[in-house]
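For reference, the structure discussed in these notes is given below.
Positions are given from 1, in the same order as the sequence printed here.
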Amino acid sequence: RSFRGLSLPPPPLGSDAGRTAFAPRGRPSRFASYALDRGLPAAPSEGSLVAASEGGGTASAGSAAGGGSSSSTSRPESRQWYEVVFKPKVAVRRFPSVDAPCLRMVLFGARVELREWDHTRRWRRMRVLRAVDPDEDIHRTDGSRLHGLVPDDGWMMVEHPNLGVLLQAIPPGGEPGAAAEEEEEVEVHSSPGPADDASAAAVRQPTATATTEDPRVAQEATRLQEMKRLEAKVLASVEERSGLQEPKLMRVVRAGNYEVARHLLSATDGSWEHPDTKDALGESALFEATAANRADLVGLLLLCLADPSLRNGDCQSPSDVTSDPAIKALLDRCCGLKVDKALLRQAVARADPRDRRRLAAKVELSDEELDAEVAAMA
């Protein structure tokens, strides 16, 4: 090659002569000065730049200089708390599509923490617990097959093109647990010396303001604490059947407590229970509700997408273990069968008043039919 009349031999293969023959000399560049002051390589490799841009930070000097593969970085996540503002509930789906399978339902007024958006900017990801499908082949590290619940990704639509806003973003400071974190921070600063009384009072004042700005946060925290105490009391009142591996929801249904069962089926604080979780006999909570002839609990479980066609170890379905013809009609109707409408109205009218109309809509009963049946039963 020639450069300004000079003939230079080609550099040998595998050497750095071709890159350093015309290296600039003199004052270093602004980037090189910045890097050298902080102990970083003045000319980072392309791999380290890519890793730094993806991971939100700079790669280590050892990985850049060593020429090895850079360590994998986790994808950045943006988290935001939302409140369900669409009545009566919003679905959590397996994939960001309205045609994807529904993993669970979140009731109106519940608060959920969502993560990154999908490419359409309509769906956001969330972590949920879902039941393992019978045809799934999931194994633990020891080789045994996994049953029950597994953590997985779900997707919630924030705004529907026809129905409007489904989830409303909660401003910073209004998410669950924010008040407790602020109280802990004040507790750290609540031991001042004699000269620090004024500064400690200044620290406590913004916390009180932030807590009183949104009283719903304190009310929700109080409600959750009371529900936890009630849940422990209900579970302690029911005899634990050793060897059956009963899920918590099944024991609560066996105790007949509607409030705790409703909480477990709609909770967003990690205590959510899948309605189709089975015990060692292959029975779900719906079997307990139908065997006890509790129409309100049966309706609640069906609203939360419990499967009325499940079979236990004896090949029985929930409708086979009930002696109530109205409950049997309700279960058969949810399986797509034709039933006596008078019995169906009786079963829906016995549901909890908070969930009665939603259950009527599920089995295609009009409000007029439901009101007439409720008035007749009164």
Side-chain angles (χ1 to χ4, degrees), residues 84 88-95 100-108 110-114 125-140 144-156 224 227-228 231 234-235 238 240-241 244-292 294 296-313 317-318 321 331 334-335 352 355 358-359 362:
V84 179
K89 55 190 174 182
V90 177
V92 180
R93 300 196 176 274
R94 187 76 177 272
F95 308 108
C102 180
L103 298 179
R104 60 173 295 189
M105 306 297 293
V106 182
L107 298 180
F108 170 77
R111 297 188 173 193
V112 293
E113 185 184 26
L114 303 184
R125 184 175 66 90
M126 72 177 296
R127 295 295 291 172
V128 296
L129 292 174
R130 68 171 181 86
V132 178
D133 295 333
D135 55 347
E136 281 188 290
D137 193 14
I138 303 178
H139 296 270
R140 298 184 179 91
S144 60
R145 188 167 182 177
L146 186 63
H147 299 277
L149 300 177
V150 293
D152 201 352
D153 288 338
W155 295 85
M156 293 191 71
L224 289 177
M227 192 58 64
K228 288 293 184 183
E231 175 186 321
V234 169
L235 292 176
V238 181
E240 185 175 359
R241 298 170 178 172
L244 288 185
Q245 302 175 359
E246 286 183 309
K248 189 190 323 183
L249 178 62
M250 181 176 288
R251 294 179 61 194
V252 170
V253 170
R254 186 152 54 89
N257 194 290
Y258 190 90
E259 294 299 328
V260 178
R262 197 172 192 265
H263 167 71
L264 293 177
L265 290 168
S266 61
T268 59
D269 58 351
S271 59
W272 175 74
E273 290 272 330
H274 196 284
D276 288 339
T277 306
K278 299 180 180 180
D279 62 1
L281 298 178
E283 296 184 350
S284 64
L286 191 57
F287 282 84
E288 290 287 346
T290 54
R294 287 289 300 271
D296 54 346
L297 289 170
V298 172
L300 175 65
L301 291 166
L302 292 175
L303 280 176
C304 295
L305 303 182
D307 188 359
S309 62
L310 282 180
R311 299 280 176 173
N312 59 12
S317 66
V321 298
L331 293 169
C334 291
C335 290
D352 189 270
D355 304 321
R358 294 192 294 125
L359 183 61
K362 181 179 180 67

Got a sec, which residues hit side chain to side chain donor-acceptor pair (under 3.5 Å) with [X], two or more places apart in sequence or on another chain?
{"X": "Glu259", "result": "Arg354"}
{"X": "Asp152", "result": "Arg94, Arg130"}
{"X": "Arg294", "result": "Asp296"}
{"X": "Lys89", "result": "none"}

Just how far is it from atom [atom1] of [X] to atom [atom2] of [Y], taken to the nearest 0.5 Å?
{"X": "Glu273", "Y": "Arg251", "atom1": "CD", "atom2": "CZ", "answer": "11.0 Å"}
{"X": "Arg311", "Y": "Ser317", "atom1": "CZ", "atom2": "OG", "answer": "4.5 Å"}
{"X": "Arg254", "Y": "Leu235", "atom1": "CZ", "atom2": "CG", "answer": "10.0 Å"}
{"X": "Tyr258", "Y": "His263", "atom1": "OH", "atom2": "NE2", "answer": "14.5 Å"}
{"X": "Ser266", "Y": "Met105", "atom1": "OG", "atom2": "CE", "answer": "12.0 Å"}
{"X": "Ser284", "Y": "Asp307", "atom1": "OG", "atom2": "CG", "answer": "8.0 Å"}

As a quick check of understanding, evaluate side chain to side chain contact (heavy atoms under 4.5 Å, CB included) for Arg104 and Leu305, giving each step before the final call.
CA-CA 7 Å; Arg104 60 173 295 189; Leu305 303 182; over 6 Å; no

Residues which pass side chain to side chain contact (heavy atoms under 4.5 Å, CB included) with Asp279, listed by chain and number, not counting sequence neighbours
Glu246, Pro247, Met250, Leu281, Glu283

Can you tell if the side chain of [X] reaches within under 4.5 Å of the side chain of [Y], non-hydrogen atoms only?
{"X": "Lys362", "Y": "Cys334", "answer": "yes"}
{"X": "Phe287", "Y": "Pro318", "answer": "yes"}
{"X": "Leu297", "Y": "Glu288", "answer": "no"}
{"X": "Leu301", "Y": "Leu265", "answer": "yes"}

Please identify each residue that fulfils salt bridge (Lys or Arg N to Asp or Glu O under 4.0 Å) with Arg262, with sequence neighbours left out.
Asp355

Mind running side chain to side chain contact (heavy atoms under 4.5 Å, CB included) on Asp352 and Leu300 for me, showing each step along the way?
CA-CA 8 Å; Asp352 189 270; Leu300 175 65; over 6 Å; no

Of the non-hydrogen atoms in [X] and [Y], which two are nearest, and what is the gap between them?
{"X": "Ala100", "Y": "Arg93", "value": "O-NH1, 2.8 Å"}
{"X": "Val260", "Y": "Val234", "value": "CG2-CG2, 4.1 Å"}
{"X": "Pro275", "Y": "Cys304", "value": "CG-O, 3.3 Å"}
{"X": "Val90", "Y": "Met156", "value": "CG1-CE, 3.7 Å"}

Do Val106 and Val92 pass the side chain to side chain contact (heavy atoms under 4.5 Å, CB included) test, and can you show the C-alpha distance, the side-chain angles, and the key distance before you say yes or no?
CA-CA 7 Å; Val106 182; Val92 180; 3.7 Å; yes

Answer yes or no: is there a donor N or O on one side and an acceptor on the other, between the side chain of Arg125 and the main chain of Trp155, under 3.5 Å?
no

Side chain to side chain contact (heavy atoms under 4.5 Å, CB included) test vs Leu286 passes for just one of Leu302, Val253, Asp276, namely Leu302

Show, in sequence, the C-alpha distance, side-chain angles and deciding distance for Lys248 and Thr277, and conclude whether the side chain to side chain contact (heavy atoms under 4.5 Å, CB included) test is met.
CA-CA 9 Å; Lys248 189 190 323 183; Thr277 306; over 6 Å; no

